Every structure is written in C-alpha cells, then in structure tokens.
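Count residues from 1 along the sequence. Scope of the values below: all heavy atoms of this structure, side chains included, with no hydrogens, waters or symmetry mates. Just so it is clear, the model here is predicted, and its values are computed rather than measured.
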Amino acid sequence: MFRSVARLAAGKHLLRRGYATASLPDRKVAVLGAAGGIGQPLALLMKLNPLVSQLALYDIANTPGVAADVSHINSRSEVAGYVGEDQLGQALEGCDVVIIPAGVPRKPGMTRDDLFNINAGIVKGLCSAIAKYCPHALVNMISNPVNSTVPIAAEVFKKAGTYDERKLFGVTTLDVVRAKTFYAGKAKANVADVNVPVVGGHAGITILPLFSQATPKANLPEDVIKALTKRTQDGGTEVVEAKAGKGSATLSMAYAGAIFADACLKGLHGVPDVVECAFVQSTVTELPFFASKVRLGKNGVEEVFGLGPLSEYEKEGLESLKPELKASIEKGIKFANQS
Ligand SMILES: NC(=O)c1ccc[n+]([C@@H]2O[C@H](COP(=O)([O-])OP(=O)(O)OC[C@H]3O[C@@H](n4cnc5c(N)ncnc54)[C@H](O)[C@@H]3O)[C@@H](O)[C@H]2O)c1
Ligand SMILES: O=C(O)C[C@H](O)C(=O)O
C-alpha cells in the first residue's frame with residue numbers, strides 16, 4: 001500500500017527524502033469505533049498513511065488515550081480524539097472518508113447475523129450523523145453483518161436525502177486478503193504477486209472467491225479449490241474460534257481496512273486504475289447490493305465490474321448464495337425503515 005503511495009509521490013516529483021507531504025491535498029479521515037480491537041490498529045495504520053492530513057478518532061469511550069498515543073507518531077496527520085455522542089459531529093465535520101468498525105464482534109457459535117440486533121442500531125445512529133455532518137464522505141462499513149449494515153446505511157442516507165451510491169462501501173477486503181494468502185500457500189506462488197477476486201457478500205457462503213480467475217495461474221485440482229473456497233468462507237470463524245471468546249479478527253481486519261481506505265484516498269487523489277473488491281450498490285446480479293471489483297476515483301465508485309467467466313463450481317456457488325444475501329439485504333432495509 002505505502003509502496004504505491006511512494007510511487008505516486010515519486011511520479012509527481014513529490015518525493016525527495018521521504019514524502020513531500022506539503023504538496024498533498026488535505027484529507028480528513030474519521031474512524032468510528034476507534035478504541036476497539038480493529039479501531040486501534042486501524043488508527044495506527046491510518047496515521048502512517050501520508051494521504052491523510054487529519055485523523056479523527058471517535059468512540060463512546062477511551063479515545064482520548066488512543067488519540068494521545070497515536071498522535072506522538074511522527075507522520076503527517078494531526079490526530080484528535082472524540083468521545084461520546086456530543087463530540088460525534090465535530091469528529092465527522094469535513095471528513096472525506098469515514099471508516100466504521102463500531103459494534104460488537106462475534107463469539108464462538110455465533111453467526112454474523114447474530115450481531116444484527118446490537119449493531120444495526122449503532123450503524124443507523126452513526127450514519128444519521130454522517131448524513132448531517134459529512135454527507136459527501138466515502139463511507140467504509142466494517143461493522144457486521146456487512147450484508148445488512150450497508151443496506152441500513154443506504155436507507156438512512158436516502159431518508160436524509162444524501163444518498164450517493166458511489167460513496168457507500170461494505171469492506172470485504174479481508175476476504176480478498178485471506179483468499180490471496182491461502183491461494184499463495186497452495187499454488188506455491190509469491191503472495192505479493194497473487195490476486196484473487198472475491199464477490200458476493202461478507203458472511204459464510206455469500207463470500208465467493210473466484211479462484212478460476214486467480215493469478216498467477218496454478219491449475220489446482222478441484223478438491224483443492226473447494227477446500228480453499230471453504231477456508232476463505234470460514235476464515236472469520238477460524239479466527240473467532242482461535243480467539244475463544246475474546247473477539248474476532250482485528251489485526252488482519254485493520255490491515256484490510258487500511259488497504260481499502262488507502263484505495264479510496266488514492267481514488268479521491270486521482271490515481272488511475274485503483275481497483276478493489278467491495279460490497280456496493282450493484283446491477284451485476286439481480287440483487288441490489290453485491291461485492292465485486294470496483295474502480296475507485298474522485299467520486300468514489302467510478303465503475304462496477306461484472307463477474308467475468310466463472311467455473312461451474314463458482315456458478316453453483318453464485319446461485320446458492322443469492323437467497324441468503326437477498327434475505328440479509330432485505331432485513332437491513334426493513335430495519336432502517338421501521339424504526
Ligand atoms: N468487515 C469485516 O471484514 C470485519 C472483520 C472483522 C470484524 N468486523 C466487525 O467489526 C466490528 C468491530 O469489531 P472489533 O473486534 O473492533 O470489536 P470491539 O468490541 O473490539 O470494538 C468495537 C468498538 O466499537 C465501539 N462502539 C460501540 N458502539 C459505538 C458507537 N455507537 N459509536 C462508536 N463506537 C462504538 C466500542 O466502544 C468498541 O470500542 C464487529 O461488528 C465485527 O464483527 C468486520
Ligand atoms: O468473522 C467475523 O465475525 C469477523 C469478520 O467478519 C471476519 O471475517 O473476520
């Protein structure tokens with residue numbers, strides 16, 4: 001990620017010793033849920049990103065300490081901590097990108113949908129504030145269940161009259177990160193060279209890695225592809241079980257969240273050909289939201305890419321995931337409109 005920022009800076013003759021960050025535009029990024037398991041390492045990684053000039057760290061508790069700590073790092077951005085609802089507006093005012101990892105994580109035996117009852121309300125409240133204080137920001141939704149929290153956000157923005165489908169993203173980057181790591185292991189490829197699109201949604205079978213399109217090509221046998229698919233779909237559960245009641249993926253998610261936010265910032269900055277998978281409003285299938293590759297630009301999503309050629313196994317996976325994804329989307333829409 002930072003290597004490509006260096007390339008960007010170098011290409012524009014901004015790089016002499018380190019980054020000539022004075023030449024980069026001001027960009028404010030907020031992390032909502034910044035004192036949490038994801039929020040803290042994500043705050044650290046965003047503090048290291050030279051495309052950020054102001055970093056607002058918001059949570060319902062403990063942000064002054066996190067902000068004081070992160071603020072001592074000698075990188076470009078100015079850091080401020082905001083705590084409690086009274087300070088949410090200040091945290092959001094002027095934001096270009098808002099990253100939301102606020103909410104409860106899973107414990108063993110739970111599905112992501114089991115988080116709905118608590119997280120739906122949290123996300124709804126935060127999105128109402130975004131509509132009020134930074135209606136043009138790109139919103140990176142991490143809080144689960146993403147398959148429902150993104151439709152909730154869309155409905156809140158629609159009601160507020162601020163919805164721009166190009167600016168709302170469910171962050172599915174961790175699925176891509178996992179698919180790349182697991183594929184590289186089996187394909188005996190250099191993980192840094194590996195690419196694997198992951199489409200659909202972000203829960204169980206709705207996570208559909210397209211290993212038939214993975215590069216470099218490895219011609220792995222069908223049973224290995226099936227095992228890789230299952231491991232990618234169950235990657236979150238693997239971590240939840242290993243953490244044995246102490247939460248879900250935080251460090252790998254912070255890494256994935258930082259990659260996706262960096263892609264959004266690069267897009268805003270006009271870097272060409274920034275492509276990541278994300279869960280967005282979509283016409284790729286009959287479902288209103290779907291994760292696929294998207295090109296990011298100055299207005300957020302510039303282009304939603306189709307699925308490309310699928311193997312028979314992937315075609316079956318696509319058909320199997322649709323009912324569950326549809327139900328999760330509808331659940332989010334219904335919640336946002338009834339409460
Ligand atoms: N999209 C993904 O790939 C992905 C990956 C991992 C985790 N997650 C999800 O991210 C969420 C956070 O996970 P975590 O491990 O960081 O949990 P955590 O409990 O460690 O942290 C959550 C933080 O949110 C804060 N919070 C609660 N209500 C809030 C509100 N109204 N406003 C602001 N902050 C609030 C809490 O105080 C806490 O600090 C969970 O829903 C989890 O399932 C998503
Ligand atoms: O699995 C979870 O509950 C957290 C997250 O969605 C993940 O994929 O790690």
E302 side-chain N/O to V294 backbone N/O, donor-acceptor pair under 3.5 Å = no

note = Looking only at heavy atoms, the pair that brings S212 and P309 closest together is OG-O, 3.9 Å

K167 vs D96, salt bridge (Lys or Arg N to Asp or Glu O under 4.0 Å): CA-CA, chis, key distance, verdict = CA-CA 10 Å; K167 299 193 170 178; D96 299 287; over 6 Å; no

query = Okay, side chain of S282, backbone of V284: is any donor-acceptor separation there less than 3.5 Å?
reply = yes

key: Side chain proximity check, V29 to L265, heavy atoms < 4.5 angstrom   = yes

task = Could you tell me whether the side chain of R178 reaches within less than 4.5 Å of the side chain of V239, counting heavy atoms only?
result = yes

inquiry  = Could you list the cluster mates of L220? Members are the ILVMFWY residues connected by side-chain heavy atoms closer than 4.5 Å, either directly or through other members.
reply    = F182, Y183, V194, V196, F211, V224, I225, L228, Y313

message = Please evaluate residues L24 and S53 with respect to the criterion side chain to side chain contact (heavy atoms under 4.5 Å, CB included), reporting the C-alpha separation (whole Å), side-chain torsions for both, the decisive distance (0.1 Å), and the verdict.
response = CA-CA 9 Å; L24 293 171; S53 59; over 6 Å; no

ask   = So which residues get pulled into F305's cluster when ILVMFWY side chains under 4.5 Å apart are joined, directly or through others?
value = V275

Cluster check M46, L251: I/L/V/M/F/W/Y, side chain < 4.5 angstrom = no

message = Main chain of G37, side chain of Q40: is a donor-acceptor contact present, judged purely on distance under 3.5 Å?
response = no

note = Smallest heavy-atom separation, H269 atom then P25 atom, equals CE1-CD, 3.1 Å

ask   = With sequence neighbours excluded, what pairs up with A160 under the side chain to side chain contact (heavy atoms under 4.5 Å, CB included) test?
value = A131, T162

request  = Drop me the distance from K28's NZ to E78's CD, to the nearest 0.5 angstrom.
outcome  = 11.5 Å

For I207, the rest of its hydrophobic cluster, which grows through side-chain links under 4.5 angstrom = V176, V198

task = Rounded to the nearest 0.5 Å, what's the gap from CG on L55 to CD1 on I73? Could you check?
result = 9.5 Å

K158 NZ: over 12 foreign heavy atoms closer than 6.0 Å = yes

key: Residue pairs, two or more places apart or on separate chains, that pass side chain to side chain donor-acceptor pair (under 3.5 Å) and touch residues 97-106   = R106-T237

inquiry  = Taking the side chain as everything from C-beta on, heavy atoms only, tell me whether F335 gets closer than 4.5 Å to K124.
reply    = yes

query = Do F157 and L168 have side chains that get closer than 4.5 Å, going by heavy atoms?
reply = yes

message = Would the distance check show the side chain of D114 and the main-chain N or O of T111 forming a donor-acceptor pair, the cut-off being under 3.5 Å?
response = yes

request  = Please check if atom CG in N62 has more than 12 non-hydrogen atoms from other residues, nucleotides or ligands closer than 6.0 Å.
outcome  = no

request  = Apply side chain to side chain contact (heavy atoms under 4.5 Å, CB included) to the pair T229 and T232, showing each step before the final yes or no.
outcome  = CA-CA 5 Å; T229 301; T232 305; 5.9 Å; no

query = Looking at OG1 of T173 and CE of M253, how far apart are the two atoms once the value is rounded to the nearest 0.5 Å?
reply = 6.0 Å

ask   = Is it true that L138 and V274 fall in one hydrophobic cluster, defined by side-chain heavy atoms closer than 4.5 Å?
value = yes

query = Between E319 and K315, is there a donor-acceptor pair closer than 3.5 Å when you use the side chain of the first and the backbone of the second?
reply = no

Kindly list each side-chain donor-acceptor pair under 3.5 angstrom involving residues 81-94, sequence neighbours excluded, with atom names and distances?
unit_1	atom_1	unit_2	atom_2	d
Q87	OE1	V83	N	2.9

key: Heavy-atom closest contact (I205 atom, S320 atom, distance)   = CD1-O, 3.5 Å

request  = Name all pairs fulfilling the salt bridge (Lys or Arg N to Asp or Glu O under 4.0 Å) condition that reach into residues 204-226, sequence neighbours left out, sorted by first residue then second.
outcome  = none

request  = Could you walk me through whether N337 and K159 pass side chain to side chain contact (heavy atoms under 4.5 Å, CB included), step by step?
outcome  = CA-CA 9 Å; N337 286 308; K159 277 193 187 172; 3.2 Å; yes

ask   = Ignoring hydrogens and geometry, is there a side-chain-to-backbone donor-acceptor pair from R27 to L268 under 3.5 Å?
value = yes

ask   = Which distance, rounded to the nearest 0.5 Å, do you find between the CG of L57 and the CG of L32?
value = 10.0 Å

message = Just verifying a value: how many Å separate N299 CG and D164 CG, rounded to the nearest 0.5 Å?
response = 7.5 Å

query = Is the backbone N or O of L321 less than 3.5 Å from a side-chain atom of K326, with the two atoms forming a donor-acceptor pair by type?
reply = no

remark   = Rounding to 0.5 Å, atoms CG (L174) and SG (C277) come to a distance of 12.5 Å

task = Could you name each residue pair satisfying side chain to side chain donor-acceptor pair (under 3.5 Å) that touches residues 125-140, not counting sequence neighbours?
result = none

message = Checking N49 against V52 for the side chain to side chain contact (heavy atoms under 4.5 Å, CB included) test, could you report, in this order, the C-alpha distance in whole Å, the side-chain angles of both residues, the deciding distance, and whether it holds?
response = CA-CA 6 Å; N49 191 319; V52 182; 3.9 Å; yes

message = Going by the rule side chain to side chain contact (heavy atoms under 4.5 Å, CB included), which residues pair with N195 if we only count those two or more places apart in sequence or in a different chain?
response = K180, T215

inquiry  = Looking at every heavy atom in both P216 and A189, which two are closest together, and how far apart are they?
reply    = CG-CB, 3.9 Å

F169 and F260 aromatic ring geometry - parallel, tilted or perpendicular at 30°/60° bounds = perpendicular

request  = Output yes when a side-chain donor or acceptor of K298 lies under 3.5 Å from a complementary backbone atom of G267, and no otherwise.
outcome  = no

query = Just wondering, do F290 and V280 contact through their side chains at under 4.5 Å, heavy atoms?
reply = no

key: Shortest non-hydrogen contact between L307 and L210, atoms and distance   = O-CD1, 3.8 Å

All N/O donor-acceptor pairs, side-chain side in residues 143-151, below 3.5 Å, sequence neighbours left out:
unit_1	atom_1	unit_2	atom_2	d
S143	OG	I100	O	3.1
S143	OG	A102	N	3.3
S143	OG	A102	O	2.6
N144	OD1	V146	N	3.3
N147	OD1	H202	N	2.7
N147	ND2	T206	OG1	3.1
S148	OG	S328	O	2.8
T149	OG1	S143	O	2.8
T149	OG1	P145	O	3.3

remark   = Sequence neighbours excluded, the answer for side chain to side chain contact (heavy atoms under 4.5 Å, CB included) partners of S248 is P105, V240

remark   = For residues 272-297, the salt bridge (Lys or Arg N to Asp or Glu O under 4.0 Å) pairs (sequence neighbours left out) are E286-K322, R295-E303

request  = Before giving the answer on salt bridge (Lys or Arg N to Asp or Glu O under 4.0 Å), spell out for D113 and K331 the whole-Å C-alpha distance, their side-chain angles and the decisive distance to 0.1 Å.
outcome  = CA-CA 10 Å; D113 186 59; K331 186 172 174 179; 2.9 Å; yes

inquiry  = Using only atom types and a distance under 3.5 Å, with no angle test, would you say the side chain of T172 pairs donor to acceptor with the backbone of D175?
reply    = no

key: Nearest atoms (heavy-atom pairs only) where S77 meets K47   = O-NZ, 2.7 Å

message = Test of understanding: clusters of I, L, V, M, F, W, Y form through side-chain heavy atoms closer than 4.5 Å, transitively. Do F279 and Y163 belong to the same one?
response = yes

